[in-house]
Amino acid sequence: MTETMAGDSLYDIAIIGGGVVGCAVFRACVLAGARTVLLEKGGDLLEGASKANSAILHTGFDATPDTLEAACVQRGYALYRDICADMNLSVVKSGAMVVAWTEDDLAQFPKIIEKAARNGVTVRRLDAREAREREPALAGDVRGAVLVEGEHLIDPWSAPMAYARQAILNGGTLMRRARVEGGVRQEGVWRLDIAGKPAVQARTVINCAGNYGDLVEAIVRPSPFQITPRKGQFVVFDKTAHDLFRTIILPVPTTLTKGVVVTRTVFGNVLVGPTAEPQQEREFPTVDHDNLEALRKAAFRIIPALREHDVTTTYAGLRPATQFSDYQIEALKNEGWITVGGIRSTGLTGALGIAEHVVTLYRDSFADPAPLKDVALPQMPNLVEELPRQWMQPQRGPIACHCERVTEREIEAALKDEVLPAGTLGGLRRRTRCMMGRCQGFYCTRRVMELAEAHLPGLVTPIGEGHRDV
Amino acid sequence: MYDVLIVGAGPAGLSAARVLKRAGVEKIAVLERTREPGGLPRYCGHLGFGMLDFGRMWKGPRYARALTEAAGVPILTDTTVTGIEPGGVVHVSTERGLETWRARAILLATGTRETPRGPRLVSGTRPWGVTTTGAFQEMVMKGLRPFQNPVIIGSELVSFSALMTARHGQVKPVAMIEENARITARRPADVLAAMVYGTPVLLNTRLVSILGGERVEGVDIEQDGERRTLACDGVVFTGKFVPDAILARTSGLPLDSGTRGPTIDSTFRTQDPQVFAAGNVLRAVEHSGQAALEGRAAARMILRALEGRLPDLVSAVPVTCGEGVASVWPQRLYAAPRGRIVLHARMETLQRGVLRLSDQEGRAVAQRHIHVLPERRVELRVSAAALAGMSQLRLEVEK
């Protein structure tokens, strides 16, 4: 039921790319009644753009009004709020404040408020005193803020995992380590070549390939958009900083000094970032010391008390930016192809809205299957710091990762899961939080390796003859 | 109700347990969050343990076993202390769920760990194969190796411990990299490394960035201003130990900005009169034998506390760091008719001059000549009687 090697079966839909958008589209297609396969080149889902973002559920208050992005973000927001509780996904209510530090920043507020109104999002202007009252940890020279109550924190990995899981539970097929290398369409059927595996056949292909979107698009046509991945670096502060503030602190978008977001995460850390650096690398983004140091200083400028807190880790993500500001979504009716490209930083929130839109395009252009009845719902394990975790329960078994308090049982469950087992070490970390804490694996790497060795080959090798335990 | 709960079954905690048990304290337990007692020495498969406290030359696991056997009190493994509150309240996560225990005295002996890549803000990609000495040694001890030809970052004592582990694990490091012009560990460790292990030690060399996709493929380094790439399949960040003081911190006990551990007085008490701290949680990093001796010393103070014989916290005289001094502990001292207090300090940079403890009027209380490197611990003996009537002490170097 999980992953098949069946190359000769014919699918209604083949989705290329298992990021947050691909996972949401996968779910929507399966629930719409289409026989669907998701093809992911990586060893696990969420290995590309979706592995690194700021983990915020956006209202879309600052989206360009009347764009597809604004519509999908708004719809995605509403859909997530509708379905999250059913799958044990959470929303950590925090609200966001666009904070002004200068006269120029303040001058932008009317525009921000007007834009939010056009997007149908309620916001409220706070003067300097009100801003400080809401968040006393803000630096003293704060001039005012626009409060967006509806912006919240979510788990950026459990959510898309839940979408894919629901698709699989309801009959969808996931193929990982399935890199699409090309394809031809004959008599209304796409035959997609997969590196090292049998070809996959489907009537309709949906390109959700993220940072590879233009390269995959070239299978059907010269890509009308080019991806120039935009790198965003982040600094993660220790959980000791978690109680300094609650509201997401957003920059005024046009400040000359590039602003950064300072936000808590649902896992209990504080996150600062991102930078925005256009570049060519599509796969392995780099962090660099000077930019990380600049981010750290920017965070101190906004929340001075962060100086007293340690950095836990750093990371970088790649957003699939194109030459266009809006999403690039269209159905090519004569080609059996739907393009879902240029989904930039709003993809986490927009995904469910995008998926709904894609299914509408599919129904309009290709086929109109009967929606699934009696839909199975996955239950996701909770990783949100503020809610009860498994280590708190009786009969918890040993704790493997002490910084994040991850039990051996949780790690084994993620590795041995029958529906969607961890396929990479990154996938295991995203599912459980192991090795993600302040010691970054000093205490738990060995135990995690012992547990993971049989399931994730290649991480460690046994020491050969001649080794003796002391 | 316990008499004493000890948090952490490493050298400091187990040594304290032994002293308390021998003194006849009845209700003691050592709480250990991992599955087995012994602390970090469990994973150091080379000689060099037990000399100070057992008068023996053992490998780490043997020493860990000796500490455990000598403790003679219940050691509750798989037991995590999640918080401490005033009044001797200890919040614990066990196999039975979350519980609240009480103790007349609590000893924090939560130890130390190395600084991993993240807080060092190192450039590059984030592939598999980047680790710390501690994690590397634990894997090798269990017969696993995550790489075959890593680069070792740092040249502290533990960096050479990583070299020894590498040999056990049939791992051949391509180089050891040190930013400074000399190695941090005492000579002749560098000669030893080069001669015995055949690992080149590159001084004046900075790690520029980590290369690789899924796995480490190399590192860019800068040696004497010149950049080049070293091929390797792993990176071991060694040393830069920090106290594992998160429990103290989240329990509201003040940490010292110099030591990064909880502040203590000369009786090993934190600012909560029922909570004591000893070993490497006080400051990073001393050899396990030193941590063990501190555990014993703290236990003797706990015995006095149980008899109500320790001075009132408010009578303590605070010590602050002045010119040239990076950290000092204990941070609070008591005047007494007799006896001596040993102050420990580390310097910011290489210091040569007179290390002087002076009072609020600038009068010298104790002093000695020093010529030390920043990572070395310096001791200064202070007469407790000399502290009478003082309100503030300052430790500084006069050149």
Side-chain angles (χ1 to χ4, degrees), chain A residues 43 235-236 238-240 281 283-293 295-296 308 310-316 391-399 402-403 405 424-426 435 438-447 449-450 453 458-470, chain B residues 33-35 43 45-46 59-62 77-78 80 82 93-98 113-114 116-128 130-146 148 168-171 208-210 212-215 242 244 246 249-250 257:
Chain A
V235 170
V236 181
D238 192 282
K239 291 184 171 189
T240 53
E281 171 65 40
E283 189 89 35
F284 299 109
T286 54
V287 289
D288 70 85
H289 180 85
D290 294 350
N291 274 320
L292 297 173
E293 193 58 70
L295 279 178
R296 216 164 63 98
E308 308 299 317
D310 295 334
V311 169
T312 291
T313 189
T314 64
Y315 64 91
W391 66 268
M392 300 173 178
Q393 313 302 321
Q395 280 84 53
R396 61 164 161 75
I399 292 174
H402 295 283
C403 299
R405 300 211 175 112
T424 61
L425 181 60
M435 302 171 74
R438 59 179 66 86
C439 88
Q440 291 283 296
F442 177 86
Y443 291 115
C444 71
T445 303
R446 184 267 302 172
R447 188 65 191 134
M449 287 306 124
E450 285 176 338
E453 204 189 352
L459 293 173
V460 286
T461 50
I463 297 163
E465 292 299 309
H467 171 75
R468 285 181 300 117
D469 225 24
V470 185
Chain B
R33 65 185 188 176
T34 70
R35 308 202 68 178
Y43 306 114
H46 52 76
K59 291 180 179 175
R62 177 70 188 85
T77 54
D78 275 329
T80 300
T82 61
S93 159
T94 76
E95 191 62 9
R96 294 183 299 278
L98 302 179
R113 60 176 171 80
E114 293 166 290
R117 174 197 181 159
R120 298 178 187 230
L121 305 185
V122 172
S123 302
T125 53
R126 301 177 62 249
W128 168 242
V130 178
T131 187
T132 49
T133 315
F136 171 51
Q137 291 187 320
E138 231 186 290
M139 282 187 271
V140 168
M141 187 57 74
K142 299 290 179 175
L144 302 171
R145 58 181 165 185
Q148 306 212 9
H168 279 291
Q170 297 165 0
V171 166
V208 176
S209 71
I210 294 173
E214 301 291 340
R215 299 189 68 106
V242 290
D244 198 343
I246 191 67
R249 181 167 187 164
T250 54
S257 60

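Numbered from 1 within each chain, the chains take letters A, B, ... in sequence-line order. The model shown is predicted, which means the values in this text are computed figures rather than measured ones.
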Self-check item: chain B contact via A/P285 - which portion, at a heavy-atom distance below 4.5 Å
Solution: backbone
Exercise. Report yes if some heavy atom in the side chain of B/I210 is under 4.5 Å from a heavy atom in the side chain of B/R117; otherwise report no.
Key: yes
Quiz item: Of the listed residues (B/Q137, B/Q148, B/E114), which shares the most heavy-atom pairs with chain A below a 4.5 Å separation?
Solution: B/E114
Quiz item: Out of B/T133, B/L98, B/T132, which one racks up the most heavy-atom pairs below 4.5 Å with chain A?
Solution: B/L98
Quiz item: Hey, is B/K142 close enough to B/E138 for a salt bridge, meaning N to O under 4.0 Å?
Solution: no
Practice problem: Name the region of B/R120, side chain, backbone, both or neither, that has any atom closer than 4.5 Å to a heavy atom of chain A. | Solution: backbone
Practice problem: Report yes if the side chains of A/V311 and A/D238 come closer than 4.5 Å at any heavy-atom pair, otherwise no. | Solution: no
Quiz item: What part of A/E293 gets closer than 4.5 Å to chain B, counting heavy atoms only: side chain, backbone, both or neither?
Solution: both
Quiz item: In terms of heavy-atom proximity below 4.5 Å to chain B, should A/T312 be classed as side chain, backbone, both, or neither?
Solution: backbone
Quiz item: Atom OG1 of A/T445 and atom CH2 of B/W128: how far apart are they, to the nearest 0.5 Å?
Solution: 5.5 Å
Quiz item: Counting heavy-atom pairs under 4.5 Å to chain B, which of A/H402, A/E281, A/E283 comes out on top?
Solution: A/H402
Quiz item: Among B/G212, B/P116, B/S209, which has the most heavy-atom pairs under 4.5 Å with chain A?
Solution: B/P116
Self-check item: Distance (rounded to the nearest 0.5 Å) between B/T131 OG1 and A/F442 CZ
Solution: 9.0 Å
Self-check item: Contact winner vs chain B - A/G441, A/A316, A/G397, heavy-atom pairs under 4.5 Å
Solution: A/G397
Practice problem: Against chain B, work out which of A/Q440, A/R438, A/E308 has the most heavy-atom pairs shorter than 4.5 Å and name it. | Solution: A/R438
Exercise. Output the option from B/T94, B/T34, B/V122 having the highest count of non-hydrogen pairs under 4.5 Å with chain A.
Key: B/T94
Quiz item: Nearest heavy-atom pair of A/P398 and B/R35: which atoms, and what distance?
Solution: CG-CZ, 3.4 Å
Quiz item: Is B/R33 salt-bridged to B/D244, cutoff N-O under 4.0 Å?
Solution: yes
Practice problem: Report yes or no: is the cationic atom of A/R396 (NZ for Lys, CZ for Arg) closer than 6.0 Å to the six-membered ring centre of A/W391, at no more than 45° off its axis? | Solution: no
Quiz item: Which bit of B/T82 is near chain A, if near means a heavy-atom gap under 4.5 Å: side chain, backbone, both or neither?
Solution: both
Quiz prompt | Reported CG-to-CE distance for the pair B/L144 and A/M449, which is rounded to 0.5 angstrom | solution = 9.0 Å
Quiz item: To the nearest 0.5 Å, what is the distance between CZ (B/F136) and CZ (A/R446)?
Solution: 15.0 Å
Quiz prompt | Pick from A/V235, A/T240, A/V287 with the largest number of heavy-atom pairs that fall under 4.5 Å of chain B | solution = A/V287
Exercise. With a 4.5 Å cut-off on heavy-atom pairs, point out which of B/P146, B/S257, B/P127 contacts chain A the most.
Key: B/P146
Exercise. Could you look at A/L425 and say if it's the side chain, the backbone, both or neither that has a heavy atom under 4.5 Å from chain B?
Key: side chain
Quiz prompt | chain B contact via A/D290 - which portion, at a heavy-atom distance below 4.5 Å | solution = neither
